[in-house]
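In what follows, a single structure is set out as structure tokens and then discussed.
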Amino acid sequence: MRRAGVLPPRTRPRGNACRIGTAPIRRLLCVVGAVAGCCAAISAAAQLNLYCSSPSTAWCQGVAVGFEKVSGVRVAVVQKATGEMLAQVKAERANPKGDVWWAGPADSYLQAADEGLLEAYRSPNLGELHEWARHVSEVSQFRVSGVYGGILALGYNTELQQKRKLPVPRCWKDLLDPAYRGEVMLANPNSSGTAYLMLASLVQVFGEDEAFRYMKALNANVTSYARSGIGPMTAVKQGEVYIGSTVLHGVINEIVAGYPVKPVLPCEGVGYEVGSMAIIKGARNLANAKKFVDWALTAEAQKIGLDIKEYAIPTNRSVALPPMVPNLSEVKVIRYDFAKYGASDTRKRLLERWEKDINASVR
């Protein structure tokens, strides 16, 4: 006769380790199961999905490892150009997979903020930043924070300059010289944040219609439009093209690495980027995302870039600048209008006009 409440052996639940085997084994399996369940819970909680738009894989990974060391939070990194990452954040709006978006010019972040894609968070460490970095936070209603500064520039190859007897440009309009035919590489502003920085800067320097006339005339000398902002400088340092668009620290990085390149800061004036970060709206790991933002604004975190020879300008005032890194106040930069050129409608209109008037004409 079957005793009440006891199932015959063949019908016992096999998925419950606590009811299998002898009493000592059952106790051991219960402890192991409890520990495993606890570890799984900790693992699920202690993670962060980081979307990185720096072209430097070393910098993306350096920041991820640095945060892991101080927080114990495991970081998964996805790396894409700024424009492409903005498109991904938009596409995932209903089901966000990233927690924090880090690096890339503020314009793309401000568009994302304008479209309701970013979480508001006012880090207690904002007071440690330079005023030009805090301005981006204020403009975005504390949805965006600045982590580095970059100055728009051109870079040229000194060996090609000597070999081909090419002139060194001093101003934007010098690039129209027929001597540069096939010698200039730029980037596509629909996929590159740095390229959009150049587009918006030219519009502010010359006025919109004149800027587009200039870029259309410049097409005769442009060999191609790279997908990412690092593409032109990569081609320049390798001697594939004479001159390319970039940011100043992109040239400094290659000089320090031993490549035969030099920068040009065009005489009419240049814009500047505030490399930014933000918490993605609907982030699954919100508490860890806030911890990351707080940490990324510290001097300790911002020294990582300099340590791996990425010579952007840190936004934290406490970080000492190496001799090769200029202070933003020492360069002739325009009064870049982040609120206007980071707005979704302005950005969309300029990018559509560039695609129609500039890119379509080279196909």
Inset, instruction - Decide yes or no on side-chain hydrogen bond (donor to acceptor under 3.5 Å, both in side chains) for Gln161 and Tyr156, but give the supporting numbers first. - result: CA-CA 8 Å; Gln161 189 269 326; Tyr156 70 95; 5.8 Å; no
Inset, instruction - Can you establish whether the number of heavy atoms outside Glu210 located under 6.0 Å from its atom CD is more than 12? - result: yes
Inset, instruction - Examine the side chains of Glu115 and Gln111 and answer whether a donor and an acceptor come within less than 3.5 Å of each other. - result: yes
Legend entry - Minimum side-chain heavy-atom gap Thr158-Val261 below 4.5 Å: no
Inset, instruction - Evaluate whether atom CZ of Arg349 has more than 12 neighbouring non-hydrogen atoms of other residues, nucleotides or ligands under 6.0 angstrom away. - result: yes
Inset, instruction - Please tell me if the side chains of Tyr336 and Leu197 come closer than 4.5 Å, counting only heavy atoms from C-beta onward. - result: yes
Legend entry - Over-ring placement of Lys173 relative to Phe206, 6.0 Å and 45° cut-offs: yes
Inset, instruction - Side-chain contact test, heavy atoms from C-beta onward, threshold under 4.5 Å: evaluate it for Asn221 versus Arg181 and give yes or no. - result: yes
Legend entry - Full working for side chain to side chain contact (heavy atoms under 4.5 Å, CB included) between Asn288 and Asp99: CA-CA 8 Å; Asn288 291 336; Asp99 298 311; over 6 Å; no
Inset, instruction - Would you mind listing every ring-ring contact (aromatic ring centres under 6.0 Å, His included) that reaches into residues 267-287, with sequence neighbours excluded? - result: Tyr272-Phe338
Legend entry - Ring centers of Trp102, Phe67 separated by less than 6.0 Å: no
Legend entry - Side chain proximity check, Tyr341 to Leu199, heavy atoms < 4.5 angstrom: no
Legend entry - Closest heavy-atom pair and its distance - Ser108, Arg347: OG-NH2, 2.9 Å
Inset, instruction - Tell me whether Leu154 is reachable from Tyr242 by hopping between hydrophobic residues (I, L, V, M, F, W, Y) whose side-chain heavy atoms are closer than 4.5 Å. - result: yes
Inset, instruction - Taking the side chain as every heavy atom from C-beta outward, state whether Asp177 and Pro167 have any pair of such atoms under 4.5 Å apart. - result: yes
Legend entry - Any side-chain heavy-atom pair of Lys262 and Val251 under 4.5 Å: no
Inset, instruction - Please determine which of Asp307, Leu129, Val63 meets the side-chain contact (heavy atoms from CB on, under 4.5 Å) test together with Gln302. - result: Leu129
